[in-house]
Amino acid sequence: MSFQSLGLSDALLKAISKKGYESPSPIQEKAIPSILEGRDVLASAQTGTGKTAGFTLPLLHYLSENPKAKFRPIRALILTPTRELAAQVYQSVQDYGEFLNIRSAVIFGGVNQKPQVAKLRKGVDVLIATPGRLLDLQNQNLLSIKRVEVFILDEADRMLDMGFLRDMERIMALMPEKRQNLMFSATFSKDIRKLANGILNHPVKVEATPENSTVDAISQKVYRVAKSKKTGLIIKLISEGSWQQALVFTRTKHGANRLTKKLISAKISAAAIHGNKSQGARTKALTGFKAGKVRVLVATDIAARGLDIPLLPHVVNFELPNISEDYVHRIGRTGRAGADGQAISLVSADETSYLKNIEKLIGQSIEVEVVEGFEPDPNASTEPLKQGQNRSRSNSRSKNSKSKTQRGRRRNKSQRYRGNSGNKS
Ligand code: AMP
């Protein structure tokens with residue numbers, strides 16, 4: 001299938017060809033025709049599937065083919081859970097809309113609102129926003145979404161994880177009832193389906209998994225190691241393996257900072273990305289990493305989710321996630337687009353039960369290695385760390401709804417991945 005046959009305008013085709021895309025990705029092929037028909041869509045798609053173009057292209061097509069005269073109300077709202085994702089989606093809207101007369105703006109917290117407000121005042125067709133800043137500016141009467149024709153909810157599952165349910169409900173109440181709704185989510189828990197029922201009207205359901213990011217396509221290895229020797233081991237692996245770049249996951253923001261400092265002391269350029277970093281610092285870290293100036297990006301799950309970091313040769317779990325599905329998300333960031341990927345986990349005694357759960361989820365046992373000089377501590381307890389120490393969800397609004405959501409998510413996803421494992425090529 002070609003982009004031409006999807007019926008997109010010449011201006012969009014020109015932008016697509018400028019990006020170098022040859023044909024639509026599976027999610028684009030499935031979602032674009034329904035969106036162009038004006039249907040509501042519920043799409044199961046993660047980052048890496050081309051989902052952003054999947055909704056941006058038909059949105060821009062609709063807006064440019066049906067222009068509104070004179071003043072410019074906000075006609076489309078794209079809601080994302082994180083600032084980084086908002087910035088990435090905005091960039092896509094800019095890129096694909098290069099040859100169209102469509103104005104867009106992005107608003108998110110953590111930065112001065114003035115430039116955002118100045119842009120809104122000039123009139124925008126497409127607004128990309130995180131929930132907090134959107135409600136903030138709305139409460140100050142600095143924007144109105146009462147003329148929105150198309151509402152897009154990106155990474156709906158992460159929205160719930162981050163406790164944005166109430167904010168989303170508030171936002172929905174501010175838009176006209178009659179509108180087109182598109183919802184994207186990587187997972188489909190009971191909570192997500194409930195949310196979808198409340199938002200979508202007879203949706204078309206489409207599904208796509210990222211190419212080559214299935215567990216089978218990735219080489220996985222576990223290094224059993226004493227907790228106190230993890231830093232030494234990762235430095236050795238990076239240096240002796242001459243790794244060009246790696247994405248390293250830690251469980252906590254504090255842990256990310258600590259490891260980053262130690263890597264820098266070992267003369268390995270590194271930057272941390274997590275919820276406590278200022279927007280400027282996060283953007284700088286990500287840009288540096290993408291440009292190849294930063295060798296190691298140390299991230300927490302929440303900060304890394306939704307980031308478009310293509311072709312990563314190495315993903316390291318400095319600590320295993322205590323939610324097994326996060327392991328699948330983490331390692332899905334390597335081995336993309338046909339490149340060889342390696343996912344490495346440094347596992348200490350107290351993470352033994354996490355490892356077991358992960359292996360159960362992915363339906364395979366992971367090869368184990370012990371490096372001389374970095375052996376596990378035979379006297380260490382295999383008791384897992386207490387729950388509170390494991391996980392820190394930043395930007396959390398409602399702790400109760402969050403924990404409920406996580407439980408629902410866990411159940412649902414383990415079924416999903418197990419169900420898939422037999423079909424994988
Ligand atoms: P996304 O899943 O939206 O984050 O997109 C992942 C990456 O795929 C981005 O870098 C896009 O620029 C790229 N991409 C999107 N659509 C296509 C396509 N049809 N062909 C090649 N690359 C694409």
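Treat the numbers as computed from the prediction; the structure is a model and nothing was measured. Atoms within a ligand are numbered from 1 in the order they appear, just like the ligands themselves.
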Is the shortest N/O to N/O distance between Gly50 and ligand 1 below 3.5 Å? yes

Would you check the N or O atoms of Glu22, main chain and side chain alike, for any that come under 3.5 Å of an N or O of ligand 1? no

Between Asn201 and Asp40, do the side chains contain a donor N or O and an acceptor N or O under 3.5 Å apart? no

Determine, stepwise, if the pair Tyr327 / Glu359 fulfils side chain to side chain donor-acceptor pair (under 3.5 Å). CA-CA 10 Å; Tyr327 176 84; Glu359 290 182 327; over 6 Å; no

Asn317 and Arg330: side-chain donor and acceptor closer than 3.5 Å? yes

In ligand 1, the atoms that come under 4.0 Å of a heavy atom of Ser25 are 19 (N)

Option whose closest heavy atom lies nearest to atom 18 (C) of ligand 1, chosen from Phe184, Phe55, Tyr21: Tyr21

Near Phe3, which atoms of ligand 1 are under 4.0 Å from a heavy atom of that residue? 19 (N)

Flag for Ser348-Glu351: side-chain donor and acceptor within less than 3.5 Å: yes

Give the numbers and elements of all ligand 1 atoms closer than 4.0 Å to a heavy atom of Thr52. 1 (P), 3 (O), 4 (O)

Summary of side-chain hydrogen bond (donor to acceptor under 3.5 Å, both in side chains) pairs that have at least one residue in residues 141-151, sequence neighbours excluded: Tyr62-Glu149, Lys68-Glu149, Arg75-Glu149

Without hydrogens or angle criteria, can the side chains of Gln220 and Gln342 be said to hold a donor-acceptor pair below 3.5 Å? no

I'd like to check whether Thr49 has a polar contact with ligand 1, where a contact means an N/O of the residue lying under 3.5 Å from an N/O of the ligand. yes

Has Ser23 got any heavy atom lying under 4.0 angstrom from an atom of ligand 1? yes

